[in-house]
J.: 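Just dropping this structure here.
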Amino acid sequence: MKNSKTHLMGASVVAMVAVATTAAAEPRTNMMHQWAQGSEAAAIATLGEMYEAAGGIWEQTAISGHTSNTLAKLRSDVVAGIAPAAVQLKGPEIAEWDSIGATANLDELAAAEGWDDVVAPELTSVMKPAGSWVAAPMNIHRVNWLYSSPAILDELGLDIPVTWDDFNAACDAIQAAGYVCLAHGAADWSDATTFDSVVYGMDADLYRAAFQEADVDAMRSQGMIDSFAQLRRMVGYMDDGINGRSWEQSMTMTMTGEAAFFMMGDWTVASANLAGFEEGVDYNCNQTPVNWGGNGFILNSDSVVFFNQTDPDYIEGQQLLASTIMSPEFQVVFNVAKGSIPARTDVDLSVGGFTQCQQQGLVDLTASVEEGTLVRSMAHNMTVLQKYRGAMMEVITEFVADDSITPEEAAEQLAEAVELQD
(Lines give C-alpha, C1' and ligand atoms only; values in the text may rest on other atoms or scores of the structure.)
Protein backbone atom coordinates (compact mmCIF):
# COMPACT_ATOMS: atom_id res chain seq x y z
CA MET A 1 0.00 0.00 0.00
CA LYS A 2 1.37 3.42 -0.94
CA ASN A 3 1.73 6.08 1.71
CA SER A 4 0.08 9.51 1.62
CA LYS A 5 3.28 11.27 0.51
CA THR A 6 3.57 8.97 -2.48
CA HIS A 7 -0.02 9.72 -3.50
CA LEU A 8 0.52 13.44 -3.25
CA MET A 9 3.62 13.16 -5.45
CA GLY A 10 1.58 11.14 -7.94
CA ALA A 11 -1.07 13.82 -8.01
CA SER A 12 1.56 16.49 -8.62
CA VAL A 13 2.99 14.55 -11.55
CA VAL A 14 -0.44 14.16 -13.14
CA ALA A 15 -1.14 17.84 -12.64
CA MET A 16 2.18 18.84 -14.26
CA VAL A 17 1.62 16.57 -17.24
CA ALA A 18 -1.89 17.91 -17.70
CA VAL A 19 -0.68 21.52 -17.59
CA ALA A 20 2.07 20.74 -20.09
CA THR A 21 -0.34 19.18 -22.58
CA THR A 22 -3.12 21.72 -22.22
CA ALA A 23 -1.24 24.89 -21.43
CA ALA A 24 -4.19 27.12 -22.28
CA ALA A 25 -6.63 25.28 -20.00
CA GLU A 26 -7.66 26.92 -16.73
CA PRO A 27 -9.13 24.27 -14.41
CA ARG A 28 -12.66 25.05 -13.33
CA THR A 29 -15.72 23.12 -12.22
CA ASN A 30 -19.40 23.51 -11.49
CA MET A 31 -20.41 20.84 -9.01
CA MET A 32 -24.08 19.94 -8.57
CA HIS A 33 -24.93 18.66 -5.08
CA GLN A 34 -27.60 18.50 -2.37
CA TRP A 35 -25.62 19.89 0.57
CA ALA A 36 -27.37 23.19 1.04
CA GLN A 37 -27.33 23.68 4.80
CA GLY A 38 -25.84 22.79 8.18
CA SER A 39 -22.79 20.59 8.63
CA GLU A 40 -23.16 19.26 5.09
CA ALA A 41 -22.87 22.74 3.59
CA ALA A 42 -19.84 23.38 5.80
CA ALA A 43 -18.26 20.14 4.62
CA ILE A 44 -18.72 20.89 0.91
CA ALA A 45 -17.36 24.40 1.47
CA THR A 46 -14.06 22.82 2.48
CA LEU A 47 -13.88 21.11 -0.91
CA GLY A 48 -14.38 24.42 -2.68
CA GLU A 49 -11.69 26.06 -0.58
CA MET A 50 -9.18 23.28 -1.23
CA TYR A 51 -10.02 23.28 -4.94
CA GLU A 52 -9.39 26.99 -5.20
CA ALA A 53 -6.19 26.67 -3.17
CA ALA A 54 -5.00 24.11 -5.73
CA GLY A 55 -5.56 26.63 -8.53
CA GLY A 56 -9.07 25.79 -9.68
CA ILE A 57 -12.09 28.01 -10.24
CA TRP A 58 -14.92 26.69 -8.06
CA GLU A 59 -18.61 27.02 -8.88
CA GLN A 60 -21.44 25.03 -7.37
CA THR A 61 -25.14 24.41 -7.84
CA ALA A 62 -26.81 23.37 -4.59
CA ILE A 63 -30.20 21.70 -4.94
CA SER A 64 -31.87 21.20 -1.60
CA GLY A 65 -34.49 18.60 -0.86
CA HIS A 66 -35.08 15.11 -2.18
CA THR A 67 -32.64 13.15 -4.36
CA SER A 68 -35.29 13.17 -7.08
CA ASN A 69 -34.87 16.96 -7.34
CA THR A 70 -31.19 16.57 -8.16
CA LEU A 71 -31.86 13.78 -10.65
CA ALA A 72 -34.56 15.82 -12.40
CA LYS A 73 -32.22 18.79 -12.79
CA LEU A 74 -29.40 16.54 -13.98
CA ARG A 75 -31.56 14.83 -16.60
CA SER A 76 -32.76 18.20 -17.85
CA ASP A 77 -29.20 19.49 -18.21
CA VAL A 78 -27.95 16.34 -19.94
CA VAL A 79 -30.82 16.42 -22.45
CA ALA A 80 -30.11 20.11 -23.09
CA GLY A 81 -26.46 19.29 -23.80
CA ILE A 82 -25.14 21.17 -20.78
CA ALA A 83 -24.23 18.33 -18.43
CA PRO A 84 -22.47 19.59 -15.28
CA ALA A 85 -18.82 18.67 -14.92
CA ALA A 86 -19.31 17.01 -11.54
CA VAL A 87 -22.39 15.73 -9.69
CA GLN A 88 -22.96 14.27 -6.23
CA LEU A 89 -24.45 10.88 -7.02
CA LYS A 90 -24.30 7.44 -5.49
CA GLY A 91 -25.06 3.77 -5.87
CA PRO A 92 -27.03 2.56 -8.90
CA GLU A 93 -27.37 6.04 -10.37
CA ILE A 94 -23.65 5.97 -11.18
CA ALA A 95 -24.02 2.74 -13.15
CA GLU A 96 -27.10 4.04 -14.94
CA TRP A 97 -25.36 7.15 -16.27
CA ASP A 98 -22.23 5.18 -17.11
CA SER A 99 -24.25 2.65 -19.11
CA ILE A 100 -25.37 5.33 -21.60
CA GLY A 101 -21.85 6.71 -22.06
CA ALA A 102 -22.41 9.99 -20.21
CA THR A 103 -19.50 9.69 -17.78
CA ALA A 104 -15.87 10.73 -18.09
CA ASN A 105 -13.07 8.17 -17.75
CA LEU A 106 -10.71 8.74 -14.80
CA ASP A 107 -8.54 5.64 -15.23
CA GLU A 108 -5.34 7.51 -16.08
CA LEU A 109 -5.55 9.69 -12.99
CA ALA A 110 -6.61 6.76 -10.81
CA ALA A 111 -3.65 4.68 -11.96
CA ALA A 112 -1.19 7.54 -11.36
CA GLU A 113 -2.51 8.08 -7.84
CA GLY A 114 -3.03 4.42 -6.98
CA TRP A 115 -6.73 4.61 -6.14
CA ASP A 116 -7.17 0.85 -6.43
CA ASP A 117 -4.63 0.42 -3.63
CA VAL A 118 -6.34 2.69 -1.12
CA VAL A 119 -10.09 2.86 -1.80
CA ALA A 120 -12.16 0.56 0.41
CA PRO A 121 -12.99 -2.55 -1.66
CA GLU A 122 -16.69 -2.15 -0.84
CA LEU A 123 -16.71 1.04 -2.90
CA THR A 124 -14.59 0.22 -5.94
CA SER A 125 -17.35 -1.67 -7.75
CA VAL A 126 -19.67 1.30 -7.22
CA MET A 127 -17.14 3.82 -8.53
CA LYS A 128 -16.16 1.48 -11.42
CA PRO A 129 -19.53 0.07 -12.55
CA ALA A 130 -18.14 -1.22 -15.85
CA GLY A 131 -14.49 -1.56 -14.87
CA SER A 132 -13.34 2.04 -15.33
CA TRP A 133 -13.21 4.80 -12.73
CA VAL A 134 -15.97 7.34 -13.40
CA ALA A 135 -16.51 8.62 -9.84
CA ALA A 136 -14.48 9.55 -6.77
CA PRO A 137 -15.72 8.46 -3.33
CA MET A 138 -15.71 11.11 -0.63
CA ASN A 139 -16.52 9.03 2.41
CA ILE A 140 -18.17 6.04 4.04
CA HIS A 141 -21.26 6.72 6.13
CA ARG A 142 -22.74 4.27 8.58
CA VAL A 143 -26.56 4.38 8.57
CA ASN A 144 -27.36 2.04 11.47
CA TRP A 145 -26.34 4.12 14.51
CA LEU A 146 -28.42 4.20 17.67
CA TYR A 147 -27.85 7.41 19.63
CA SER A 148 -28.84 7.27 23.29
CA SER A 149 -29.22 9.66 26.21
CA PRO A 150 -26.83 8.72 29.05
CA ALA A 151 -28.92 10.82 31.43
CA ILE A 152 -32.13 8.84 30.85
CA LEU A 153 -30.53 5.40 30.67
CA ASP A 154 -28.44 6.00 33.80
CA GLU A 155 -31.44 7.32 35.73
CA LEU A 156 -33.50 4.25 34.86
CA GLY A 157 -30.63 1.76 35.12
CA LEU A 158 -31.02 0.59 31.53
CA ASP A 159 -28.40 -0.91 29.23
CA ILE A 160 -27.98 -0.18 25.54
CA PRO A 161 -30.40 -2.54 23.73
CA VAL A 162 -28.72 -5.23 21.67
CA THR A 163 -31.76 -6.99 20.17
CA TRP A 164 -35.17 -5.69 19.17
CA ASP A 165 -36.73 -7.38 22.19
CA ASP A 166 -34.22 -5.48 24.33
CA PHE A 167 -35.21 -2.27 22.58
CA ASN A 168 -38.93 -2.84 23.12
CA ALA A 169 -38.43 -3.66 26.80
CA ALA A 170 -36.30 -0.55 27.29
CA CYS A 171 -38.89 1.63 25.56
CA ASP A 172 -41.67 0.25 27.75
CA ALA A 173 -39.69 1.24 30.84
CA ILE A 174 -38.77 4.64 29.40
CA GLN A 175 -42.35 5.50 28.50
CA ALA A 176 -43.53 4.39 31.93
CA ALA A 177 -41.07 6.86 33.43
CA GLY A 178 -42.59 9.70 31.39
CA TYR A 179 -39.93 10.11 28.71
CA VAL A 180 -40.16 9.88 24.92
CA CYS A 181 -38.43 6.68 23.92
CA LEU A 182 -37.67 7.29 20.23
CA ALA A 183 -37.14 10.76 18.78
CA HIS A 184 -38.22 10.95 15.15
CA GLY A 185 -38.98 13.51 12.46
CA ALA A 186 -41.40 13.67 9.56
CA ALA A 187 -39.58 12.85 6.32
CA ASP A 188 -39.83 9.87 4.02
CA TRP A 189 -36.09 9.31 4.08
CA SER A 190 -36.06 9.42 7.90
CA ASP A 191 -38.80 6.77 7.99
CA ALA A 192 -36.84 4.67 5.50
CA THR A 193 -33.62 5.13 7.47
CA THR A 194 -35.32 3.69 10.55
CA PHE A 195 -36.85 0.85 8.54
CA ASP A 196 -33.42 0.08 7.03
CA SER A 197 -32.20 -0.73 10.53
CA VAL A 198 -35.35 -2.67 11.45
CA VAL A 199 -35.33 -5.03 8.46
CA TYR A 200 -31.55 -5.47 8.64
CA GLY A 201 -31.64 -6.12 12.36
CA MET A 202 -34.47 -8.61 12.05
CA ASP A 203 -32.97 -10.57 9.13
CA ALA A 204 -29.90 -9.50 7.14
CA ASP A 205 -30.60 -12.01 4.36
CA LEU A 206 -34.11 -10.61 3.99
CA TYR A 207 -32.61 -7.13 3.74
CA ARG A 208 -30.33 -8.21 0.91
CA ALA A 209 -33.11 -9.89 -1.02
CA ALA A 210 -35.73 -7.17 -0.60
CA PHE A 211 -33.69 -3.99 -0.53
CA GLN A 212 -30.60 -4.81 -2.56
CA GLU A 213 -32.17 -7.09 -5.18
CA ALA A 214 -35.77 -5.77 -5.16
CA ASP A 215 -37.09 -9.32 -4.74
CA VAL A 216 -40.86 -8.90 -4.44
CA ASP A 217 -41.30 -12.39 -2.96
CA ALA A 218 -39.02 -11.30 -0.10
CA MET A 219 -41.12 -8.17 0.31
CA ARG A 220 -44.23 -10.33 0.70
CA SER A 221 -42.57 -12.73 3.15
CA GLN A 222 -43.41 -13.30 6.80
CA GLY A 223 -40.07 -11.74 7.67
CA MET A 224 -41.13 -8.45 6.06
CA ILE A 225 -44.50 -8.62 7.82
CA ASP A 226 -42.64 -9.10 11.11
CA SER A 227 -40.41 -6.11 10.28
CA PHE A 228 -43.43 -3.89 9.67
CA ALA A 229 -44.91 -5.13 12.96
CA GLN A 230 -41.73 -4.01 14.73
CA LEU A 231 -41.89 -0.65 12.98
CA ARG A 232 -45.53 -0.25 14.07
CA ARG A 233 -44.47 -0.88 17.67
CA MET A 234 -41.72 1.73 17.31
CA VAL A 235 -44.19 4.33 16.04
CA GLY A 236 -45.94 3.85 19.35
CA TYR A 237 -42.71 4.76 21.12
CA MET A 238 -42.56 8.10 19.29
CA ASP A 239 -44.30 11.24 20.54
CA ASP A 240 -47.15 13.07 18.80
CA GLY A 241 -44.97 15.94 17.60
CA ILE A 242 -43.11 14.27 14.75
CA ASN A 243 -45.04 16.08 11.99
CA GLY A 244 -42.98 19.00 10.78
CA ARG A 245 -40.00 18.10 12.95
CA SER A 246 -36.58 17.96 11.29
CA TRP A 247 -34.05 15.24 11.95
CA GLU A 248 -31.80 17.82 13.64
CA GLN A 249 -34.59 18.67 16.08
CA SER A 250 -35.09 14.96 16.73
CA MET A 251 -31.39 14.61 17.40
CA THR A 252 -31.52 17.47 19.89
CA MET A 253 -34.32 15.76 21.82
CA THR A 254 -31.95 12.91 22.60
CA MET A 255 -28.93 15.10 23.23
CA THR A 256 -30.85 17.18 25.79
CA GLY A 257 -32.43 14.24 27.59
CA GLU A 258 -35.97 14.70 26.33
CA ALA A 259 -35.89 11.41 24.44
CA ALA A 260 -33.89 8.25 25.10
CA PHE A 261 -33.02 7.11 21.56
CA PHE A 262 -32.54 8.43 18.04
CA MET A 263 -31.77 6.37 14.93
CA MET A 264 -29.82 8.08 12.19
CA GLY A 265 -26.59 7.92 10.20
CA ASP A 266 -23.25 9.24 11.38
CA TRP A 267 -23.82 12.69 9.90
CA THR A 268 -25.55 13.13 13.26
CA VAL A 269 -22.10 13.19 14.86
CA ALA A 270 -21.14 16.22 12.79
CA SER A 271 -24.37 18.05 13.59
CA ALA A 272 -24.08 17.23 17.29
CA ASN A 273 -20.53 18.53 17.41
CA LEU A 274 -21.53 21.66 15.51
CA ALA A 275 -24.32 22.26 18.04
CA GLY A 276 -21.93 21.91 20.98
CA PHE A 277 -23.06 18.50 22.24
CA GLU A 278 -20.38 16.24 23.68
CA GLU A 279 -19.98 12.58 22.85
CA GLY A 280 -19.99 10.42 25.97
CA VAL A 281 -21.67 13.15 27.97
CA ASP A 282 -24.74 14.25 26.01
CA TYR A 283 -24.99 11.15 23.88
CA ASN A 284 -23.53 7.72 23.17
CA CYS A 285 -23.50 5.88 19.86
CA ASN A 286 -23.92 2.15 19.28
CA GLN A 287 -25.14 0.01 16.43
CA THR A 288 -28.89 -0.40 16.10
CA PRO A 289 -30.26 -3.69 17.45
CA VAL A 290 -29.67 -6.95 15.57
CA ASN A 291 -31.34 -10.22 16.45
CA TRP A 292 -28.61 -12.29 14.82
CA GLY A 293 -25.66 -11.11 16.93
CA GLY A 294 -22.31 -9.88 15.70
CA ASN A 295 -21.34 -6.66 13.98
CA GLY A 296 -23.61 -4.97 11.48
CA PHE A 297 -22.90 -2.13 9.08
CA ILE A 298 -25.33 -0.47 6.66
CA LEU A 299 -23.15 1.49 4.26
CA ASN A 300 -23.84 4.79 2.56
CA SER A 301 -21.26 6.73 0.58
CA ASP A 302 -21.17 10.17 -0.98
CA SER A 303 -19.36 10.33 -4.28
CA VAL A 304 -18.78 12.70 -7.16
CA VAL A 305 -19.46 11.48 -10.69
CA PHE A 306 -17.79 13.19 -13.62
CA PHE A 307 -19.72 13.81 -16.85
CA ASN A 308 -18.26 14.13 -20.34
CA GLN A 309 -17.18 17.67 -21.23
CA THR A 310 -15.80 19.38 -24.34
CA ASP A 311 -14.46 22.58 -22.77
CA PRO A 312 -10.72 22.10 -21.93
CA ASP A 313 -11.11 24.17 -18.77
CA TYR A 314 -13.78 21.84 -17.39
CA ILE A 315 -11.90 18.72 -18.51
CA GLU A 316 -8.80 19.97 -16.70
CA GLY A 317 -10.99 20.96 -13.77
CA GLN A 318 -12.33 17.43 -13.47
CA GLN A 319 -8.82 16.07 -13.07
CA LEU A 320 -8.03 18.61 -10.38
CA LEU A 321 -11.32 18.05 -8.54
CA ALA A 322 -10.97 14.25 -8.55
CA SER A 323 -7.38 14.50 -7.34
CA THR A 324 -8.41 16.91 -4.59
CA ILE A 325 -11.24 14.63 -3.42
CA MET A 326 -8.93 11.63 -3.26
CA SER A 327 -6.15 13.41 -1.42
CA PRO A 328 -5.56 12.27 2.19
CA GLU A 329 -5.83 15.89 3.32
CA PHE A 330 -9.34 16.32 1.91
CA GLN A 331 -10.47 12.91 3.16
CA VAL A 332 -9.52 13.96 6.70
CA VAL A 333 -10.92 17.49 6.64
CA PHE A 334 -14.14 16.56 4.86
CA ASN A 335 -14.95 13.52 6.96
CA VAL A 336 -14.18 15.16 10.28
CA ALA A 337 -16.68 17.85 9.24
CA LYS A 338 -19.22 15.34 7.82
CA GLY A 339 -19.16 12.82 10.68
CA SER A 340 -18.27 9.97 8.31
CA ILE A 341 -15.07 7.99 7.81
CA PRO A 342 -12.69 8.26 4.84
CA ALA A 343 -13.15 6.27 1.67
CA ARG A 344 -9.38 5.73 1.77
CA THR A 345 -8.16 2.89 3.95
CA ASP A 346 -4.77 4.45 4.66
CA VAL A 347 -6.04 7.37 6.79
CA ASP A 348 -5.25 7.18 10.52
CA LEU A 349 -8.44 8.02 12.43
CA SER A 350 -6.63 8.31 15.76
CA VAL A 351 -5.37 11.74 14.71
CA GLY A 352 -6.89 14.70 12.92
CA GLY A 353 -9.98 15.22 15.04
CA PHE A 354 -12.05 12.08 14.41
CA THR A 355 -14.45 11.29 17.25
CA GLN A 356 -14.70 8.00 19.13
CA CYS A 357 -17.93 7.27 17.24
CA GLN A 358 -16.13 7.65 13.93
CA GLN A 359 -13.24 5.49 15.08
CA GLN A 360 -15.68 2.83 16.29
CA GLY A 361 -17.41 3.02 12.93
CA LEU A 362 -14.20 1.97 11.19
CA VAL A 363 -13.70 -0.89 13.66
CA ASP A 364 -17.27 -2.09 13.08
CA LEU A 365 -16.94 -1.75 9.30
CA THR A 366 -13.86 -3.95 9.30
CA ALA A 367 -15.57 -6.53 11.52
CA SER A 368 -18.73 -6.48 9.40
CA VAL A 369 -16.73 -7.13 6.22
CA GLU A 370 -14.96 -10.05 7.88
CA GLU A 371 -18.26 -11.50 9.14
CA GLY A 372 -20.02 -11.04 5.82
CA THR A 373 -22.74 -8.81 7.29
CA LEU A 374 -22.06 -5.59 5.35
CA VAL A 375 -24.97 -4.25 3.28
CA ARG A 376 -25.58 -1.05 1.36
CA SER A 377 -28.41 1.28 2.30
CA MET A 378 -31.71 1.26 0.43
CA ALA A 379 -32.88 4.38 2.25
CA HIS A 380 -29.86 6.33 1.08
CA ASN A 381 -29.92 5.26 -2.55
CA MET A 382 -27.07 2.74 -2.49
CA THR A 383 -28.97 -0.31 -3.76
CA VAL A 384 -31.92 -0.15 -6.16
CA LEU A 385 -32.72 2.52 -8.73
CA GLN A 386 -34.45 5.66 -7.51
CA LYS A 387 -37.79 4.63 -9.06
CA TYR A 388 -37.90 1.52 -6.83
CA ARG A 389 -36.51 3.32 -3.79
CA GLY A 390 -39.05 6.12 -4.13
CA ALA A 391 -41.93 3.67 -4.41
CA MET A 392 -40.81 1.76 -1.32
CA MET A 393 -40.28 4.92 0.70
CA GLU A 394 -43.80 6.07 -0.09
CA VAL A 395 -45.23 2.84 1.31
CA ILE A 396 -43.05 3.00 4.43
CA THR A 397 -43.97 6.61 5.17
CA GLU A 398 -47.68 5.98 4.66
CA PHE A 399 -47.43 3.08 7.11
CA VAL A 400 -45.77 5.29 9.73
CA ALA A 401 -48.44 7.96 9.30
CA ASP A 402 -51.51 5.71 9.15
CA ASP A 403 -51.93 3.22 11.98
CA SER A 404 -54.91 1.60 10.24
CA ILE A 405 -52.55 -0.11 7.77
CA THR A 406 -51.66 -3.59 8.98
CA PRO A 407 -48.16 -5.08 8.64
CA GLU A 408 -49.60 -7.66 6.22
CA GLU A 409 -51.09 -4.92 4.06
CA ALA A 410 -47.87 -2.92 4.14
CA ALA A 411 -45.76 -5.87 2.97
CA GLU A 412 -48.13 -6.47 0.07
CA GLN A 413 -48.16 -2.76 -0.81
CA LEU A 414 -44.36 -2.71 -0.79
CA ALA A 415 -44.19 -5.50 -3.36
CA GLU A 416 -46.96 -4.03 -5.51
CA ALA A 417 -45.29 -0.59 -5.50
CA VAL A 418 -42.09 -2.10 -6.90
CA GLU A 419 -43.93 -4.22 -9.46
CA LEU A 420 -45.69 -1.14 -10.80
CA GLN A 421 -42.33 0.45 -11.70
CA ASP A 422 -41.56 -2.25 -14.28
Side-chain angles (χ1 to χ4, degrees), residues 142-185 190 193-204 207 226-227 229-239 242 247 250-269 271-273 277-298 339 341 354-368 370-371 373-375:
R142 185 188 198 172
V143 174
N144 58 318
W145 276 119
L146 176 68
Y147 301 92
S148 59
S149 165
I152 294 178
L153 297 192
D154 289 349
E155 177 189 332
L156 302 180
L158 298 173
D159 296 326
I160 300 295
V162 176
T163 67
W164 286 112
D165 283 345
D166 293 342
F167 180 85
N168 295 337
C171 279
D172 288 340
I174 290 162
Q175 280 195 331
Y179 293 107
V180 174
C181 183
L182 184 60
H184 193 71
S190 292
T193 296
T194 298
F195 200 50
D196 251 9
S197 290
V198 172
V199 178
Y200 178 61
M202 297 282 281
D203 186 338
Y207 186 97
D226 293 342
S227 294
Q230 175 61 33
L231 181 61
R232 170 66 70 222
R233 188 162 184 175
M234 292 166 68
V235 172
Y237 294 137
M238 302 172 190
D239 67 306
I242 65 174
W247 73 267
S250 304
M251 172 198 77
T252 300
M253 290 174 64
T254 299
M255 306 295 167
T256 58
E258 182 181 350
F261 300 117
F262 176 56
M263 294 180 184
M264 188 56 66
D266 52 16
W267 46 92
T268 302
V269 174
S271 291
N273 292 343
F277 296 114
E278 186 176 349
E279 180 184 328
V281 176
D282 300 306
Y283 69 97
N284 287 319
C285 51
N286 300 86
Q287 76 171 14
T288 53
V290 295
N291 290 345
W292 35 264
N295 294 279
F297 199 104
I298 302 179
I341 59 179
F354 289 98
T355 68
Q356 288 299 312
C357 285
Q358 288 169 293
Q359 293 179 49
Q360 186 62 46
L362 179 58
V363 172
D364 290 350
L365 171 63
T366 302
S368 182
E370 292 176 352
E371 295 171 18
T373 59
L374 177 72
V375 297

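Excluded from the calculations below are hydrogen atoms, water molecules and symmetry mates; all remaining heavy atoms, backbone and side chain alike, are included. The structure displayed is predicted, hence computed values, not measured ones.
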J.: Between Ser227 and Phe195, which heavy-atom pair has the shortest distance, and what is it?
T.: O-CE1, 3.6 Å
J.: Is it true that a side-chain atom of Gln287 and a backbone atom of Asn295 form a donor plus acceptor pair closer than 3.5 Å?
T.: no
J.: Please test Thr193 against Asp196 for side-chain hydrogen bond (donor to acceptor under 3.5 Å, both in side chains), starting from the C-alpha separation and ending with a verdict.
T.: CA-CA 5 Å; Thr193 296; Asp196 251 9; 5.9 Å; no
J.: Could you grab the distance from atom CZ of Phe262 to atom OG1 of Thr194, nearest 0.5 Å is fine?
T.: 8.0 Å
J.: What distance do Asn144 atom CG and Met264 atom CE have between them, rounded to the nearest 0.5 Å?
T.: 12.5 Å
J.: Measure across Gly185 and Ser190 and return the closest heavy-atom pair with its distance rounded to 0.1 Å.
T.: O-CB, 4.1 Å
J.: For the residue pair Tyr147 and Trp145, does the interplanar ring angle fall in the parallel (under 30°), tilted (30 to 60°) or perpendicular (over 60°) class?
T.: tilted
J.: Please report the closest heavy-atom contact between Ala260 and Ile174, naming both atoms and the distance.
T.: CB-CD1, 3.4 Å
J.: Is any side-chain heavy atom of Leu365 closer than 4.5 Å to one of Arg142?
T.: no
J.: Does any part of the side chain of Phe167, heavy atoms only, come nearer than 4.5 Å to the side chain of Met234, both counted from C-beta?
T.: yes
J.: Could you please spell out the steps behind the side-chain contact (heavy atoms from CB on, under 4.5 Å) verdict for Asp203 and Asn291?
T.: CA-CA 8 Å; Asp203 186 338; Asn291 290 345; over 6 Å; no
J.: State whether the side chain of Ser368 and the backbone N or O of Asp364 hold a donor-acceptor pair below 3.5 Å, judged by distance alone.
T.: no
J.: Please step through side-chain hydrogen bond (donor to acceptor under 3.5 Å, both in side chains) for the pair Ser149 and Thr254, ending with a clear verdict.
T.: CA-CA 6 Å; Ser149 165; Thr254 299; over 6 Å; no
J.: When you measure from the side chain of Glu279 to the backbone N and O of Thr355, does any donor-acceptor pair fall under 3.5 Å?
T.: no
J.: Does Phe261 reach the side chain of Tyr237, with side-chain heavy atoms less than 4.5 Å apart?
T.: no
J.: Could you tell me if the side chain of Asp166 sits less than 4.5 Å from the side chain of Pro289, heavy atoms only?
T.: no
J.: Partners of Arg233 by salt bridge (charged side-chain N to carboxylate O under 4.0 Å, His left out), sequence neighbours excluded?
T.: Asp172
J.: Can you tell if the side chain of Asp239 reaches within under 4.5 Å of the side chain of Ile242, non-hydrogen atoms only?
T.: yes
J.: Without swapping roles, check the side chain of Glu258 against the backbone of Ala183 for a donor-acceptor pair under 3.5 Å.
T.: no
J.: First locate atom CD of Glu155, then atom OH of Tyr179, and finally report the distance between them rounded to the nearest 0.5 Å.
T.: 3.5 Å
J.: Could you measure the distance from the OG1 atom of Thr373 to the CD1 atom of Ile298? Nearest 0.5 Å is fine.
T.: 10.0 Å
J.: Any side-chain heavy atom of Thr268 within less than 4.5 Å of one from Met255?
T.: yes
J.: So do the side chains of Asn168 and Gln230 get within less than 4.5 Å of each other, counting heavy atoms only?
T.: yes
J.: Exactly one of Trp164, Phe297, Trp292 should register a ring pair (Phe, Tyr, Trp, His ring centres under 6.0 Å) with Tyr200. Which one does?
T.: Trp292
J.: Which heavy atom of Leu158 sits nearest a heavy atom of Ala170, and at what distance?
T.: CD1-O, 4.0 Å
J.: Determine whether Leu146 and Pro161 make a side-chain contact, defined as any pair of heavy atoms from C-beta on separated by less than 4.5 Å.
T.: yes
J.: Please answer whether the main-chain N or O of Asp266 pairs with a side-chain N or O of Gln358 as donor and acceptor at a distance below 3.5 Å.
T.: no
J.: Evaluate Ser271 against Met251 for side-chain contact (heavy atoms from CB on, under 4.5 Å), listing each step before the verdict.
T.: CA-CA 9 Å; Ser271 291; Met251 172 198 77; 3.9 Å; yes
J.: Working to the nearest 0.5 Å, report the span between CG of Asp226 and CG of Leu231.
T.: 12.5 Å
J.: Which is it for Val269 and Phe354 under the side-chain contact (heavy atoms from CB on, under 4.5 Å) test, yes or no, and what are the steps along the way?
T.: CA-CA 10 Å; Val269 174; Phe354 289 98; over 6 Å; no
